[in-house]
Amino acid sequence: MSAGKNLHPGINIGHVDPGAHRAAEPVIFGFWVFLMSDLVIFALLLATYAAMSVHGIAGGPTPAQVADLPSAAIETGLLLLSSFTMSLATVALKYRPGRAHLRRWLAVTAVLGLAFVGMEAWDFAKLAGQGAVPQRSGFLSAHFTLLGTHALHVSAGLVWMAVLAFQLGRTELEDLVRLRIMRLALFWHLLDVVWIAILTFVFLFGAVG
Amino acid sequence: MISGLSYWIFGRLEWSDLLIKSNAIATGASCMVVIVAIAIVALLTWTGRWGWLWREWLTSLDHKRIGIMYIVISFIMMARAIAEAMVMRTQQAMAAGGGTDLVGAEHFGQLFTTHGTVMIFFVAMPFLSGLINYLLPLQIGARDLSFPFMNAVGLALTWAGAVLIMVSLTVGDFSTGGWSAYPPFTELAFSPGEGVDYWIWSVTLTGIGTTLTGINFAVTIYKERCPGMHLMRMPLFCWTALCTAILIVFALPPLTVASSLLALDRYLDFHFFTNGSGGNMMNYANLFWLFGHPEVYILILPAFGVWSEVISTFSGKRLYGYRSLVLATMCIAVLSFTVWMHHFFTMGQSANVNAAFGFATMLIGIPTGVKVYDWILTMYRGRIRFSAPMLFAITFLFSFVVGGLSGILLSNAPTDFAMHNSLFLVAHFHNMLIPGTLFGFIAGYMYWFPKAFGFRLDERWGRIAWGLWTAGFFAAFAPLYSLGLMGAMRRTSQTYDPAYEPFLYVALVGAALLFAGFVALVVQLVVSTRHRDRLAVPIGDPWDGRALEWFTPSPPPEWNFARLPQVECIDAFAREKREGDPYAPQDGDYADIEMPRNTGLPTLIGMAGIACAFGLVWHIWWMAIVGFVAMWGFLVARSFESRTTRTIPAATVREANEAWLSRARMARAVPREIEFTAANTGRAEPLA
């Protein structure tokens with residue numbers, strides 16, 4: 001019993017019910033495949049950014065003028081912390097009876113995610129105030145699109161969290177919700193990975209250049 | 001200017017955008033769409049079939065029904081795209097003779113754009129999605145795809161894109177920018193109308209649908225194979241489906257990115273691909289062909305799978321060189337991502353880059369050659385039956401080699417400089433896509449039709465169709481090689497060299513023959529349906545098939561297999577027929593089977609997608625927002641459904657299965673010589 005308890009990486013679906021485990025497999029694996037597909041989108045936006053941040057300035061602001069390191073540092077902190085709290089939520093789902101801990105950590109994650117999106121919006125507004133709008137140059141178009149796509153993903157994760165919070169108490173959705181939380185966590189961590197790439201290419205390289 | 005209120009309600013849409021077009025041909029096509037749509041609605045109402053359509057088809061999550069619907073979309077759109085090809089060929093032939101124009105240059109631009117867009121995205125793609133959808137679970141011994149709901153959503157987004165492109169025939173104009181929609185021409189500065197927006201949203205909708213479908217296929221193959229079905233025991237069609245699925249997962253996102261960035265340029269005045277302000281139109285070429293080149297292998301690999309099944313069955317032999325075919329398929333899939341730049345050899349990259357991509361391109365000839373030899377060696381010393389699908393296969397083997405060699409020519413960058421954008425290129429890619437892809441899909445349709453509907457297609461009309469398609473293909477495209485070498489450029493409505501004229505007339509005759517070939521397919525379907533009692537093959541194995549799908553009744557029950565099969569080798573069913581007794585009574589227990597419950601949500605998502613896209617095209621913002629929110633709303637609604645499956649009791653399964661087995665035992669095992677006669681009720685006498 002205790003050996004079987006940790007069979008499934010992340011969450012025990014119906015504890016040690018092998019049927020439920022088997023049914024969960026394609027769902028999680030399929031989500032991984034989706035994430036790989038989604039990652040291609042970010043890879044291409046990064047590649048586009050890489051080309052445009054050199055050749056697409058068009059006399060406008062340069063990456064160095066756009067990269068706001070203190071802001072990026074705070075955003076990175078918020079997002080990494082939210083990934084940590086998301087992990088605590090999945091751990092709570094696995095080990096804690098009842099829903100209180102899970103709800104709490106999901107709520108903290110959501111607040112951190114919301115703060116991240118808010119910070120980014122504030123960044124965007126600040127840039128727009130300096131005339132650095134996406135319409136200004138190809139480079140700025142790429143900058144706003146790359147960060148905007150990431151922010152849209154984070155926002156989608158927030159909506160997803162809201163829906164799940166609503167579904168948490170419904171016993172008939174029990175197994176489905178467990179699986180969804182696991183996928184949401186994968187999604188959320190992947191956005192962290194993507195953010196690290198953005199931090200490196202957009203902010204750190206930008207500040208150096 | 002449009003008045004304020006009208007803009008808020010109707011966006012840029014005006015009465016003058018509806019129905020009436022620049023010339024008689026376009027107006028005729030526009031009216032035809034409306035008439036056909038009204039006729040379909042009237043027919044459904046008159047025969048009281050709305051409920052049936054909704055309950056049996058539009059809400060179904062059965063992979064077999066979804067597969068059939070995909071192929072229906074494909075045939076409808078093929079009729080349109082072939083008609084457009086006819087008009088284009090007529091225009092060129094008429095204009096070359098110094099005659100009058102049939103259509104204007106602007107309309108001609110729309111014709112080649114929609115022809116290409118429709119043929120790729122709404123004929124070939126739905127056809128392959130349909131075939132894979134139908135066959136994949138049956139061939140790997142599964143009950144369904146991994147994600148039935150997502151499958152239905154993929155279908156819905158595909159028909160949403162198709163509907164949008166049909167609407168463009170009646171409401172406003174389509175893009176004139178070619179199927180690849182290159183900027184800067186497709187930017188606002190040069191194409192201010194709604195045409196490019198129609199292209200963007202129809203392609204984006206179907207592209208997202210296809211991505212979902214690709215994920216579904218890949219996961220299904222990895223996770224749902226029946227006991228004993230190792231990867232190296234899968235039928236080759238499943239292997240090509242797997243490689244296609246992987247290509248889709250990685251190659252469709254670049255299309256989504258390319259079309260989305262173009263949309264940002266057009267809608268929000270961004271500068272990704274504009275002239276000036278730092279825009280870089282070459283990046284569009286990169287993004288587009290990073291999708292576009294793997295796309296041609298997405299199109300052709302499933303056809304290779306069909307050829308492998310058809311050739312081995314109708315040669316009465318196991319596939320020669322199964323392992324090498326698998327390996328070649330994987331090589332092609334990998335190489336397909338290494339050659340995209342050959343699509344713009346002439347656009348200014350360095351000679352070294354061109355050389356590297358030319359070399360990579362030529363490499364693809366090697367695994368493809370392996371395949372051709374394997375198919376020929378499968379036929380060698382086989383007992384070949386010249387059925388219609390097999391005839392298509394033989395045409396394919398000849399003509400595909402010609403097309404492949406012309407591709408090797410083009411992969412030399414210096415040669416490409418001489419021939420790019422000429423009709424030589426048009427001849428080359430039609431030479432790959434018609435015998436390679438389309439003939440493959442038609443052969444697959446004829447080969448598996450009895451599986452899906454329980455009766456064979458009329459063989460005589462099948463052969464007539466083959467003759468017309470083959471003759472039409474050579475007549476239509478062989479002259480284009482010559483024309484290209486003579487300097488005739490693609491996408492021109494008029495040419496002025498009188499030397500072109502005879503070639504253009506031959507090409508026109510070819511186009512007419514191809515159209516006749518399509519009509520022959522329709523006639524075949526009608527004739528066969530009328531004689532379906534005489535052609536019935538309910539037992540399910542009319543051709544002495546080799547893979548698991550033939551070990552089911554035709555049409556198969558919703559649950560495919562009463563008990564999931566257990567296989568020990570390649571071509572398990574062929575061996576079982578030879579050495580065992582596949583139709584023996586199956587003792588032991590039957591279990592309850594869970595199947596997905598019907599739901600209308602995918603159809604609603606598709607309708608919301610159309611509303612969103614139509615709103616975006618015409619700047620009807622409220623409609624776009626409502627459509628967008630509704631799409632996601634329906635998806636969230638789905639997440640609240642807990643009872644997504646229903647149980648089919650074991651007794652029902654047992655009754656159906658035992659009834660089929662006893663019918664099969666009583667049926668006469670028909671030798672191959674008379675497989676096209678009424679004696680064939682679907683139980684083949686296995687070849688020794």
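So you know, we letter chains A, B, ... as the sequences are listed, proteins then strands, and number each from 1.
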request  = For the residue pair A:Q167 and B:S639, establish whether any side-chain heavy-atom pair is separated by less than 4.5 Å.
outcome  = yes

query = Do B:P253 and A:S37 touch side chain to side chain, with heavy atoms closer than 4.5 Å?
reply = yes

inquiry  = Could you report the tightest heavy-atom contact between A:Q135 and B:F270, atom names first, then the distance?
reply    = NE2-CE1, 3.7 Å

Need one label for [X]: side chain, backbone, both or neither, based on atoms under 4.5 Å from any heavy atom in chain A.
X: B:V257; value: side chain
X: B:N283; value: side chain
X: B:F640; value: both
X: B:L261; value: side chain
X: B:L252; value: neither

query = If you count the non-hydrogen atoms of other residues, nucleotides and ligands that lie under 6.0 Å from CZ in A:R22, is the total more than 12?
reply = no

B:F272 vs A:T145, side chain to side chain contact (heavy atoms under 4.5 Å, CB included): CA-CA, chis, key distance, verdict = CA-CA 10 Å; B:F272 282 105; A:T145 305; 3.1 Å; yes

remark   = chain A shares the most heavy-atom pairs under 4.5 Å, among B:S146, B:P254, B:S260, with B:P254

task = Count the heavy-atom pairs under 4.5 Å between each of A:H55, A:M52, A:E172 and chain B, then report the option with the highest count.
result = A:M52

query = With chain B, which of A:L140, A:T149, A:V33 has the greatest number of heavy-atom pairs at distances under 4.5 Å?
reply = A:V33

task = Let me know if A:L176 has heavy atoms under 4.5 Å from chain B in its side chain, its backbone, both or neither.
result = side chain

request  = Pick one of side chain, backbone, both or neither for A:L45, based on which atoms fall under 4.5 Å of a heavy atom in chain B.
outcome  = side chain

message = Please evaluate residues B:W632 and A:V159 with respect to the criterion side chain to side chain contact (heavy atoms under 4.5 Å, CB included), reporting the C-alpha separation (whole Å), side-chain torsions for both, the decisive distance (0.1 Å), and the verdict.
response = CA-CA 11 Å; B:W632 287 99; A:V159 174; over 6 Å; no

